[in-house]
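Naming: A, B, ... by sequence-line order, numbering from 1 per chain.
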Number of protein chains: 4
Amino acid sequence: MDGSRHRRRGDTRQRIQDVALELFSDQGYEKTSLREIAERLDVTKAALYYHFKTKEDILIGIFGDLTRPIDELIAWGREQPHTLATKQEVVRRYSEALSDAGPLFRFMQENQATVRELRIGEMFKDRMLELSAIIRDVDAPLADQVRCITALFTLHAGMFALRELKADPEDKRKAVLEVAIDLVTQAHNGA
Amino acid sequence: MDGSRHRRRGDTRQRIQDVALELFSDQGYEKTSLREIAERLDVTKAALYYHFKTKEDILIGIFGDLTRPIDELIAWGREQPHTLATKQEVVRRYSEALSDAGPLFRFMQENQATVRELRIGEMFKDRMLELSAIIRDVDAPLADQVRCITALFTLHAGMFALRELKADPEDKRKAVLEVAIDLVTQAHNGA
Amino acid sequence: MDGSRHRRRGDTRQRIQDVALELFSDQGYEKTSLREIAERLDVTKAALYYHFKTKEDILIGIFGDLTRPIDELIAWGREQPHTLATKQEVVRRYSEALSDAGPLFRFMQENQATVRELRIGEMFKDRMLELSAIIRDVDAPLADQVRCITALFTLHAGMFALRELKADPEDKRKAVLEVAIDLVTQAHNGA
Amino acid sequence: MDGSRHRRRGDTRQRIQDVALELFSDQGYEKTSLREIAERLDVTKAALYYHFKTKEDILIGIFGDLTRPIDELIAWGREQPHTLATKQEVVRRYSEALSDAGPLFRFMQENQATVRELRIGEMFKDRMLELSAIIRDVDAPLADQVRCITALFTLHAGMFALRELKADPEDKRKAVLEVAIDLVTQAHNGA
DNA sequence: AATGAATGAGCCTTCATTCAT
DNA sequence: AATGAATGAAGGCTCATTCAT
C-alpha cells in the first residue's frame, strides 16, 4: 500500500504547481498554455480547473508556498534592532531563502511586465518594500539607499544574470552574497 | 499647406515604432496586440504589415534605432586602454545612452522571458558581453567580476527598480551612476 | 428518447468529415474555410480544433477512412499471380471501391495542385504506384504501360469528366469500366 | 538602341503572364499570390494592376494567348468530313498544340476545382465540347463515346500523370498519342 | 508605366474557460 | 477526482484590390 497510485492521490495539485513553475520560468507565463501543462501531466485541461480556479491561481498557489520562508524572515527581521549585524544576517538568510525558490524568482525577474498586472505583483512588491525597509535607512543619502536596493536586486538577478560567467554555481552564489553584503555594509557605514 | 496631414506621410513607420515601444514597455510584448497598436494610430492592422514583416520585426526596428549609440560606445571602448579611467568613462557614457533609450531598456528588463526567445535576445546579449568585456577583468576574483556585471545591471534596472523611492529622477540617476562607478572602481582596485 | 440530440453526441467528428468532404470537393480545399464548415454544422470553429489538429488533418482523416478498401485491394492484388484475369479483377474491384469514395476522388482529381503539397499527396501517389505496379508490366512497350495508367486514370476521372455526357450514371460507370478493362487487356496481350 | 531597356518596354505584360503561368502551374492558382508574382518580376503589386484588371484577368490573358492554335484546329475540324482520317488528324494536331501549351494544360488539369469557378472554366469546357463533337459520334455506343473522351483526356493528362514513368519525354508523347489515336480508331470502327 | 501606402475581409489557429457527466 | 465536448474572444498574418501621385 501507499504505492505510486496511492501516492499520486492528492498529489495532483502539487504536481500541477511543479510543472507549471517549470514551464512558466522556462518560457514565460503568457507563452505557457494550460494545454501544455495538462499534457505534461497527462491529464486534461479540465482537471486543472478542478484544482485551481484560474491560470493566475496556479501562480498564486506557487507563490504562497515558496514565499513562506521569506515571510518568516521578514517577521524576524522586523523585531531585531537596526544594527549592521542584523542587516547582514537578513541578507545572508535572504540569499538562502532565494536559492530554495530559485525558479520562482527567476520567473519573477524575467516576467515583470506580466507579473505587474497580476495579483502576485502586489504581493511581491509588498515583500520587497518590507525587506528593504529593514535593510535601508530612510534618511541615508540616496546613493546608500540605492546600494541597499541594488543588494537585494543583485541577489535576485544573481544566478541568471551571471549565466554567461563560467564558474561553479556555488562559488557564484558566494560571490554574489559577498557583493551584496558589501553593498549593505558600505551603505550602513555611510558614503 | 504641408499641414499635419502631409507631415504624416512617410512618418507612419516611425509612428508605429513609437506607439509600439510605448505599449510594449507598458504592458509587455505578448499582451500588446497589433490590433491595439493599429487602433492607436488609427490605421488598420494590415497597414502595420506594409511597414514591417512581422510583429517581431517592429521590435527589431526599434532596437536597431535606439541601440546605435551603444554600438558606438562599444566601438570606442574597445580601442581604449584597459585603465580605470576608461572603465569609469564607459559606465558614465553608458548611463547617458541608456537614459535616451529608457523605455526600451525597461522593456528588455521586464520582458526577459519573452526577449530571450526573440532575435533581439541574442543581439542584446552580445552587446552586454562586449560591454562587460571592456569593464571586467577575466582573471579578477569572481566577486569583482560580479561587481562589474552588477554595475551594468544596476544601470539598467536603476530607474524602474527604484520607482518606489521617492526622489527627484535626476538625483536618482546620479545616485545610480555613483554606485555603478563605485562598483567598477572597487573591482578594478581589487577586493 | 435517444433522440437526435443524443445521437449527435460523439458524432461530431464524423459529421465534420462529411461536411468537409462535401465542401472540399465542391469548392476546392483552399476555397473552403473552416468558418464555412463550422457554420454548416452549427458549431464554432474552435470545436473543429477539438476534433482535428489542423485543417489538413481533417482531410487526412477523410482519406484514411475512405481509402481502407483500396489498401485491402492492393494487399490482395499483390499476392495474386500476374495474370490477365488478376489484372481485370483488380480493375473491376477498383472501380467499385472508387464509386464508394466518389467525392473524395473527385476532390483528389480536381485539386491536384493543392493535394501535391499536402501529406495526402504522397499517400495517394504511393497507392497509385502500387496499383499500377500490379497492372502494368515494367518491360512492356511504353504504349502498353501508358494504356494501363490511362485505365486507372479513366476510372478516376470517369464520372466527372463525363458529366456533360447525358446518360444513366450506372450505364456510364459500366462503360468506363469496359474501356478500362479493354485497355488493360490490350496492354496485356501486347500492342 | 533597342537595348534591354527598350526591349523591356511593352514587354512587362508578357513577362507577367509568363511568370504567372509558371507559378500558377507549379503551386496552384490560389496558392500563388500577386505579391509573389510581383516580387519575381521585381515590380510592385500595383504594377500588375496597371496591366491587368484582376488576378483572374491575368489567367484569361494567358489562356487567350495559348489557346489560339486550338481554336484554329476546331475551326478546321468543323469543316472536314466526319471520317476516321479527320478524327485521327485532329487528335494528332491537338497533341501538337498541347505540347506548346504544356504548362497551361497542366495547370487546367491540376486546378479544376478552381478553374471551374473562374470564367476560363466555361471557355475551356466549350472548347472541349467542340473538340469532342468532332471526334465523337453522338449515336455511337456509350463505351465508344467514353473512348473518345478518354482519348482527349489522356492527351491532357499524359505528361503529368506519367511523371513517374521513367522514359524519354518525346517517346512518352508518342506513346500517349498512339494510345489516343487507337482509342479514337476503335471508337470509330465500333465496339 | 509604375509606385507607395493603405484597406477590408478573411484565414488558420490558440487560448482560458465552462459545464454536464 | 477528472473527462469530453464545446465556446467566445482574440491573435498574427496574408490577400486582392484601390488610388493619389
Side-chain angles (χ1 to χ4, degrees), chain A residues 8-13 16 29-38 41-58, chain B residues 8-13 16 29-38 41-58, chain C residues 8-13 16 30-38 41-58, chain D residues 5 8-13 16 29-38 41-58:
Chain A
R8 211 143 238 191
R9 261 215 200 293
D11 230 21
T12 307
R13 199 190 145 90
I16 292 172
Y29 178 78
E30 337 260 28
K31 296 256 285 270
T32 301
S33 68
L34 295 186
R35 178 182 50 69
E36 214 174 342
I37 297 174
L41 290 167
D42 211 41
V43 295
T44 59
K45 269 182 293 171
L48 306 184
Y49 280 89
Y50 178 79
H51 293 283
F52 297 93
K53 247 177 48 196
T54 66
K55 187 184 182 186
E56 188 178 349
D57 252 39
I58 300 181
Chain B
R8 215 140 236 193
R9 271 224 186 292
D11 244 28
T12 309
R13 198 191 146 91
I16 292 172
Y29 178 78
E30 336 259 351
K31 296 257 285 270
T32 302
S33 69
L34 294 186
R35 180 184 49 71
E36 214 173 344
I37 297 175
L41 291 167
D42 208 42
V43 295
T44 59
K45 269 185 293 171
L48 305 185
Y49 279 92
Y50 176 76
H51 294 282
F52 298 93
K53 252 177 39 198
T54 64
K55 188 183 180 186
E56 186 177 350
D57 249 42
I58 300 181
Chain C
R8 215 139 237 195
R9 269 222 188 291
D11 245 26
T12 308
R13 198 190 146 92
I16 292 173
E30 336 260 351
K31 296 257 284 271
T32 302
S33 69
L34 295 187
R35 179 185 49 71
E36 214 174 343
I37 297 175
L41 291 167
D42 209 44
V43 295
T44 59
K45 269 183 293 170
L48 306 185
Y49 279 90
Y50 176 76
H51 294 283
F52 298 93
K53 253 179 37 201
T54 65
K55 188 184 181 185
E56 188 178 349
D57 248 42
I58 300 182
Chain D
R5 214 179 64 216
R8 211 144 239 189
R9 257 215 203 297
D11 229 21
T12 307
R13 197 190 146 90
I16 292 172
Y29 178 79
E30 336 260 25
K31 296 255 284 272
T32 302
S33 69
L34 296 186
R35 178 182 50 68
E36 213 174 343
I37 296 174
L41 290 166
D42 211 42
V43 296
T44 59
K45 269 182 294 173
L48 305 184
Y49 279 90
Y50 177 81
H51 292 284
F52 298 92
K53 247 177 46 197
T54 66
K55 188 184 181 185
E56 187 178 349
D57 253 39
I58 300 180

Return the value, rounded to whole Å, for the distance between atom [atom1] of [X] and atom [atom2] of [N].
X       : N      : atom1 : atom2 : value
D:Glu30 : E:dG10 : CD    : C1'   : 14 Å
D:Ile16 : E:dT3  : CD1   : C1'   : 14 Å
B:Ile58 : F:dC13 : CD1   : C1'   : 12 Å
C:Leu34 : E:dT14 : CG    : C1'   : 13 Å
D:Asp11 : E:dA2  : CG    : C1'   : 16 Å
D:Lys31 : E:dC11 : NZ    : P     : 16 Å
B:Ile37 : F:dA10 : CD1   : C1'   : 15 Å
A:Asp57 : E:dT17 : CG    : C1'   : 13 Å

Practice task
State the CD1-CD1 distance between A:Ile37 and A:Ile58, to the nearest 0.5 angstrom.
Solution key: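 The distance works out to 5.0 Å.
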
Exercise for the section: With sequence neighbours excluded, tell me which residues meet salt bridge (charged side-chain N to carboxylate O under 4.0 Å, His left out) with C:Arg35. Expected result: C:Glu39

Exercise for the section: Measure from the side chain of D:Thr44, starting at C-beta and using heavy atoms only, and say which of F:dG8, F:dG4, E:dT3 lies closest. Expected result: E:dT3

Taking only side-chain N and O atoms of [X], does any of them lie within less than 4.0 angstrom of OP1 or OP2 on [N]?
X       : N      : answer
C:Arg35 : E:dC12 : no
A:Thr12 : F:dA2  : yes
B:Ser33 : F:dA10 : no

Problem - Range-with-range stems of DNA chain E (Watson-Crick or G-U pairs under 3.5 Å, three or more in a row) - result: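 Detected stem regions: E:2-21 with F:2-21.
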
Handout entry: C:Lys55 to C:Leu34 - nearest heavy-atom pair and separation
Key =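 What the structure gives for the nearest pair is CG-CD2, 3.8 Å.
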
Exercise for the section: Would you confirm whether C:Lys31, through its side chain, and D:Glu30, through its main-chain N or O, come within 3.5 Å as a donor-acceptor pair? Expected result: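 Not confirmed, C:Lys31 side chain does not pair with D:Glu30 backbone.
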
Practice task
Map B:Lys55 and C:Arg13 onto DNA chain F by nearest heavy atom, then report which one ends up closer to the 5' terminus.
Solution key: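 Mapping each residue to its closest nucleotide by heavy atoms, the 5'-most match is C:Arg13.
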
What donor-acceptor contacts under 3.5 angstrom involve side-chain atoms of residues 41-54 of chain B, with partners at least two apart or in another chain?
unit_1, atom_1, unit_2, atom_2, d
B:Thr44, OG1, B:Ala47, N, 3.4
B:Thr54, OG1, B:Glu56, N, 3.4
B:Thr54, OG1, B:Asp57, N, 3.0

Handout entry: Members of residues 45-53 of chain B that approach DNA chain E, where some heavy atom sits under 4.0 Å away
Key =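 B:Lys45, B:Ala46, B:Ala47, B:Tyr50, B:His51, in order of number.
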
Exercise for the section: By nearest nucleotide on DNA chain E, pick out whichever of A:Glu56 and C:Glu56 is the more 5' one. Expected result: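 Per heavy-atom nearest nucleotide, the more 5' residue is C:Glu56.
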
